[in-house]
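First the structure, in the form of structure tokens, and then the observations on it.
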Amino acid sequence: MHVRGSSLSHPKVIEALRPFIVAFWGQANDEAIPKDIQPLYDASGRHTGSNVRCFVLDYQGKLLHWFNGFPGNNPNPMRYSTDEYATYFCDEINRAPVLLKVKLRDSKLSLPDVKNGVRLFIRLPEQRGSYGTPVVEVVENKTEWATLGYPKTAREIDAQSLTRWLRLCYPPGVNEQLEPYQSVHGTLTLTPAGEHQAILSGNIRLGMSDVENPPFDGTFDALLTYNRNKVTLRGVVSGLYRRHDRMHDRDMFWRLTTAIESRPE
Amino acid sequence: MFLAFLAAGTLPSQAGQPSEILKAYEAARPADRELGVFQLDWADSFKDAKARAARENRPIFLVCTTQLKDAGNLREGHC
């Protein structure tokens, strides 16, 4: 999370990585390291100070340079500023003997996308640094558009019917929650707002199965526009994400928002 | 208990006029400058990156994480 928010999002690092194809592999539950990645770990040694390792490879996959994901020896990733992360990453990337005649690609924005569904931007708007970096998820719809068909009169919508969207409304980098919500509750109202528009609105509760993770209580408001066979949606989930700080045994309340937009445009 | 959560801890709904909802959506949607990580040229996997690197004659930058319960997705952000 800190690598993504502080390093990979920084303009200096984005510029340094223009020649590169960027990839990620994450180990889940002590699974074996893949055969094509294990040699990279073997070459870089066992102890590097953190569980994040970066590898610079040439166009044939040959290892040119590797470095620890966190700068310095301090095991606390929060100890370093965004600029310190970025400077460290740029210095390490530039140490690799990459061929100079590499074509630089344009750094155009390319967001995750789907053929027919929604895109969600989940964020903690009042947090800074890595915690403030938005998450972007996409969902290919199945029955959601049918569920939200134009209402001739106001009708209730069970929030569970939008579980595939709402379960993703959780923040990044919170070690206590590393997976989507497991339950969605709430009753929304779909109300006509003119001949071709409707408003979806109501309170929701998103929950996990274990008692250690408190539920998220929030609101979901969206504007739907109906045009022939196409539905356009613009909406927001908003609420306070409760996180228990185990180190200090206290609850923190972080404002969380999710902007939801239909795709394609 | 189910109804209690409606009063406790929820922020006011933006429901009402369409313009109010659109305003809330625009305020919540990040600006392009906040989405810099999506300016990187992401491959879907390391295998995909190697295939593209050989085809396009370009180097690879691979980030790996270990010792976590979930693999996560560094590009999308839930990690």
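Heavy-atom basis, side chains included; hydrogens, waters and symmetry copies ignored. In what follows, chains carry the letters A, B, and so on, assigned in the order in which the sequence lines appear, proteins first and then strands, with residues in each chain numbered from 1.
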Rounded to the nearest 0.5 Å, what's the gap from [atom1] on [X] to [atom2] on [Y]? Could you check?
X	Y	atom1	atom2	value
A/D221	B/L22	CG	CG	11.5 Å
A/L109	B/D32	CG	CG	5.0 Å
B/K50	A/I21	NZ	CD1	12.5 Å
B/F46	A/I37	CZ	CD1	5.5 Å
B/Q39	A/L111	CD	CG	10.0 Å
B/T65	A/W25	OG1	CH2	7.0 Å

Taking all atoms of both residues into account, what is the closest heavy-atom pair of A/F121 and B/R29, and its distance?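 Residues A/F121 and B/R29, closest heavy atoms: CZ-NH2, 3.3 Å.
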
Side chain, backbone, both or neither: which part of [X] has a non-hydrogen atom closer than 4.5 Å to chain B?
X	value
A/I260	backbone
A/D58	backbone
A/A222	backbone
A/R234	both
A/Q197	side chain

Show me the donor-acceptor pairs, under 3.5 Å and distance only, between side chains in residues 71-79 of chain B and residues at least two apart or in other chains.
from  : atom 1 : to     : atom 2 : distance (Å)
B/N73 : OD1    : B/R75  : N      : 3.1
B/N73 : OD1    : B/E76  : N      : 2.9
B/R75 : NH2    : A/S110 : O      : 3.0
B/H78 : ND1    : A/E137 : OE2    : 2.5
B/H78 : NE2    : A/Y170 : O      : 2.6

Mind checking ring pair (Phe, Tyr, Trp, His ring centres under 6.0 Å) for A/F55 and listing every partner two or more places apart, or none if nothing turns up?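 If we apply the ring pair (Phe, Tyr, Trp, His ring centres under 6.0 Å) test to A/F55, skipping adjacent residues, the hits are A/Y41.
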
Check: A/N51 side chain, B/T66 main-chain N or O, donor-acceptor pair, under 3.5 Å: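 At least one qualifying donor-acceptor pair exists.
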
Do the side chains of [Y] and [X] get nearer than 4.5 Å, heavy atoms only?
X	Y	value
B/L40	A/I14	yes
A/V13	B/F61	no
A/L223	B/Y25	no

Quick check on the interface: out of [options], who has the most heavy-atom pairs with chain B under 4.5 Å?
options	value
A/P11, A/S9, A/P215	A/S9
A/G61, A/P125, A/P180, A/P112	A/P112
A/A23, A/G26, A/A259	A/A23
A/T189, A/D30, A/D36	A/D36

Tell me, for B/E56 versus chain A, whether the close heavy atoms (under 4.5 Å) come from the side chain, the backbone, both or neither.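 For B/E56, the contact with chain A is made by the side chain alone.
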
Does A/E31 have more than 12 heavy atoms from other residues, nucleotides or ligands lying within 6.0 Å of its CD? yes

